[in-house]
Amino acid sequence: MQNPIIAALDVPSPNQAHTLIDQIGSQIGAFKVGMELFTAAGPEIIHRIREQDAAVFLDLKFHDIPNTVAKAVASAVRLDVQMLTIHTHGGSTMMKAAENAAQETARELGTAAPLVLGVSVLTSMDQSDLQEIGLSNPVADQVERVVQLGVESGLRGFVCSPLEIERLRKIIPKETKLVTPGIRMASDAKGDQKRTKSPIEALQSGADYLVIGRPIYAAPNPSDALKRILESIEA
Ligand code: C5P
């Protein structure tokens, strides 16, 4: 990846996504394709991004029985994605199956295995949401618990909130990658993100990749917005 910025393609239609891919595809590290766009546009959108040589982060947060998740990961590798997400709450057997499927399928194809990223506790969930589903740990402890389990299961990366980076860096191997959303420049509207850091703050506290949505795709000029972000981290 040419830089650590991942632009979230959180748009509903293939046409809107194509416009963004054409506008910033040559300057971005990767595009994140989530459930909304993938359900609307299908694998074609991945091919379109790869034609621009940008990397693809397929954010479908797989969470199912190990066999099913392994097959979904293998399909994602065949689509030529460079990062994808699974839920750590699927358990260690599921996480191992996902990582193995990524490695084995990549070996068969002679390509590099994508980074299988574990999603810990969704940042939309608080203590009372955890209690509701029978988890009594404080949120931060639950995040550490499932990230630790993910490391033991062979995962090489995790998605986390910018405010969790420093705590997680203390318990994960130094080569483990951290990807963080919740990134805002001082001049950006926060939207529904409550706990944000600027791009440079997040990188300095130990993030490897930054997922940025509205500050890029909803900007009057996405290419200029991305340039300002890149300048802020280069400086
Ligand atoms: O527009 P914004 O920069 O807030 O978009 C952040 C992106 O990161 C969205 O695609 C959102 O779904 C994703 N995300 C998040 N918080 C998480 C996990 C993913 O904001 N905990």
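Remember, it's 1-based here, ligands and their atoms both numbered in the order they're listed. What's counted below: heavy atoms across the whole structure, side chains too, no hydrogens, waters or symmetry copies.
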Identity of the nearest option to atom 12 (O) of ligand 1, non-hydrogen atoms only, from E36, K32, R184: K32
Side-chain donor-acceptor pair present, Q16, S13, cut-off under 3.5 Å: yes
Ligand 1 versus S161: contacting region, heavy-atom distance under 4.0 Å: neither
Contact summary for P162 and P181, nearest pair of heavy atoms: CD-O, 3.2 Å
Nitrogen or oxygen of G213 less than 3.5 angstrom from that of ligand 1: yes
Residue and atom name of the nearest protein heavy atom (relative to atom 19 (C) of ligand 1), distance in Å to one decimal: P181 CG, 3.8 Å
Options L9, D192, D10, ranked by nearest heavy atom to atom 9 (C) of ligand 1, top entry: D10
Closest protein heavy atom to atom 21 (N) of ligand 1, given as residue, atom name and distance to 0.1 Å: T123 OG1, 2.6 Å
Close-contact set for ligand 1 against P215 heavy atoms, below 4.0 Å: 3 (O)
SB check R214 D192 (cutoff 4.0 Å): yes
Identity and separation of the nearest protein heavy atom to atom 7 (C) of ligand 1: V211 CG1, 3.8 Å
Nearest-neighbour protein heavy atom for atom 20 (O) of ligand 1, which is reported as residue plus atom name and distance: Q193 NE2, 2.8 Å
Lys/Arg-Asp/Glu bridge criterion (N-O < 4.0 Å) met for D208, R169: yes
Residue pair Q103 / E99, side-chain donor-acceptor N/O under 3.5 Å: yes
From E164, M125, R214 - option closest to atom 4 (O) of ligand 1 by heavy atom: R214
Exercise: do Q142 and H89 side chains pair donor with acceptor under 3.5 Å: yes
Test item: side-chain donor near acceptor, S223 and Q27, under 3.5 Å: yes
